[in-house]
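Just so it is clear: chains get the letters A, B, ... in the order the sequence lines come, proteins before strands, and each one is counted from 1. It should be emphasised that the depicted structure is a prediction, and the values quoted were computed from it without experimental measurement.
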Protein chains: 2
Amino acid sequence: MKRKISSSALRSAAFNRTRADHSHELAHDYCELIAELIDEKGEARGTDIALRMGVSNATVAKTLKRLSEQGLVEQEPYRAVFLTGEGWKLAEDGKRRHEIVEKFLLALGVSQRTAEVDSEGIEHHVSAETLKAMARFLARS
Amino acid sequence: MKRKISSSALRSAAFNRTRADHSHELAHDYCELIAELIDEKGEARGTDIALRMGVSNATVAKTLKRLSEQGLVEQEPYRAVFLTGEGWKLAEDGKRRHEIVEKFLLALGVSQRTAEVDSEGIEHHVSAETLKAMARFLARS
DNA sequence: GTGAAAGTTTAGCATTGGCTAAACTTTTGG
DNA sequence: CCAAAAGTTTAGCCAATGCTAAACTTTCAC
């Protein structure tokens with residue numbers, strides 16, 4: 001009895017976490033990408049974001065509007081995008097996670113290509129505890 | 001030059017994979033859960049699915065309709081749900097991945113609770129190559 | 001400095017995946 | 001056997017994320 005109830009609760013908690021992760025993923029990815037572009041080229045333009053995200057520029061424009069309402073980016077019409085303080089925090093956190101996960105996968109023995117692709121999907125679902133365990137593994141190996 | 005182009009292509013490929021993964025995730029999770037319920041209780045009812053997924057039963061009904069249009073489940077009005085051959089395949093594949101990822105996380109040293117929650121989010125983004133690497137790690141440790 | 005190219009935004013549409021409320025069917029207790 | 005409870009479905013709403021096509025602005029080349 002007890003077991004059934006607690007297993008349902010745990011299961012649904014896991015699904016809820018996954019859904020919550022998904023709703024933040026895109027914002028994280030955009031911030032991370034914008035930071036990369038600013039770093040590489042000095043500015044982040046819609047076209048470049050669209051190219052790297054693999055979506056149309058209309059989609060990028062719509063998403064950026066949402067992100068700016070959420071206080072993550074700042075932009076003036078027809079101009080490049082910038083990150084707010086909050087946006088930078090997300091970008092940096094994302095970069096850190098991404099690096100750990102990617103290096104971890106490499107250390108586990110997968111190809112560079114696979115590490116890059118898989119880490120993109122995985123990074124958003126790794127809890128602090130798991131991230132720490134991955135970092136520990138890297139430090140040891 | 002070359003480097004820039006190929007890095008954009010790789011990056012967008014990763015994002016595209018992640019988006020594709022997301023569109024299949026829910027179907028996999030439902031099939032897996034339905035299989036579990038059938039195994040445990042002999043049948044999968046909407047209420048139980050809703051409870052374990054952590055969503056309303058209206059959402060479950062709508063999703064099941066989509067899944068049945070996709071040929072993954074079969075149902076008659078006001079009756080429990082069953083999996084088609086295709087649905088069973090997804091369920092089994094999901095169960096296998098889930099088990100490997102969860103055990104892998106445990107072997108990495110995280111708590112049972114974290115392993116359960118994180119594996120739910122991670123399993124859908126793990127390629128065949130990474131899954132194999134995880135299995136290898138388990139076999140060795 | 002002007003006209004074409006490049007880039008951005010807006011409008012309008014579709015799908016997915018949530019929700020609540022209301023209607024309907026099945027099951028169950030007495 | 002019938003009323004209430006339990007379960008299911010439908011209707012109608014919303015937000016997020018994608019698209020194309022069209023309108024608009026900026027940049028660039030000449």
Atom-to-atom span, [atom1] of [X] to [atom2] of [N] - whole angstrom:
{"X": "A/R79", "N": "C/dT8", "atom1": "CZ", "atom2": "C1'", "value": "11 Å"}
{"X": "A/E43", "N": "C/dG7", "atom1": "CD", "atom2": "P", "value": "11 Å"}
{"X": "A/L64", "N": "C/dT8", "atom1": "CG", "atom2": "C1'", "value": "11 Å"}
{"X": "A/Y78", "N": "D/dC28", "atom1": "OH", "atom2": "P", "value": "17 Å"}
{"X": "A/H24", "N": "D/dT17", "atom1": "NE2", "atom2": "C1'", "value": "16 Å"}
{"X": "A/R45", "N": "D/dT27", "atom1": "CZ", "atom2": "P", "value": "10 Å"}
{"X": "A/E25", "N": "D/dA15", "atom1": "CD", "atom2": "P", "value": "21 Å"}
{"X": "A/R19", "N": "C/dT16", "atom1": "CZ", "atom2": "P", "value": "17 Å"}

Have a look at A/R66 and say if it touches a base, only the backbone sugar-phosphate, or nothing, with a 4.0 Å heavy-atom cut-off.
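Base, at least one base heavy atom under 4.0 Å.
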Base, sugar-phosphate, or nothing for B/K65, non-hydrogen atoms under 4.0 angstrom?
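It contacts sugar-phosphate atoms only.
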Taking the six-membered ring for Trp and the single ring otherwise, decide whether the centroids of A/H22 and B/H22 are under 6.0 Å apart.
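Aromatic pair counts; centres sit under 6.0 Å.
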For B/H125 together with A/H125, are the ring centres under 6.0 Å from each other?
yes
Looking at B/T84 and B/L72, would you say the former's side chain and the latter's main chain have a donor-acceptor pair under 3.5 Å?
yes
Minimal non-hydrogen separation, B/R45 against B/A80, with atom names:
CG-CB, 4.3 Å
Closest heavy-atom pair and its distance - B/S111, A/E129
N-OE2, 2.7 Å
Which nucleotide in C/dT8, D/dG7, D/dT27 has an atom nearest any side-chain atom of A/T47:
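In terms of side-chain proximity for A/T47, the closest of C/dT8, D/dG7, D/dT27 is C/dT8.
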From C/dG18, D/dG7, D/dC19, nucleotide with atom closest to B/T59 side chain:
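Of the candidates, C/dG18 comes closest.
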Which comes earlier along DNA chain D counting from the 5' end, the contact point of B/A44 or that of A/S56, where each point is its nearest nucleotide?
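Counting from the 5' end, the first nearest nucleotide belongs to B/A44.
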If you pin A/K62 and B/A58 to their nearest nucleotides in DNA chain D, which one's is more 5'?
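Final value for this comparison: B/A58.
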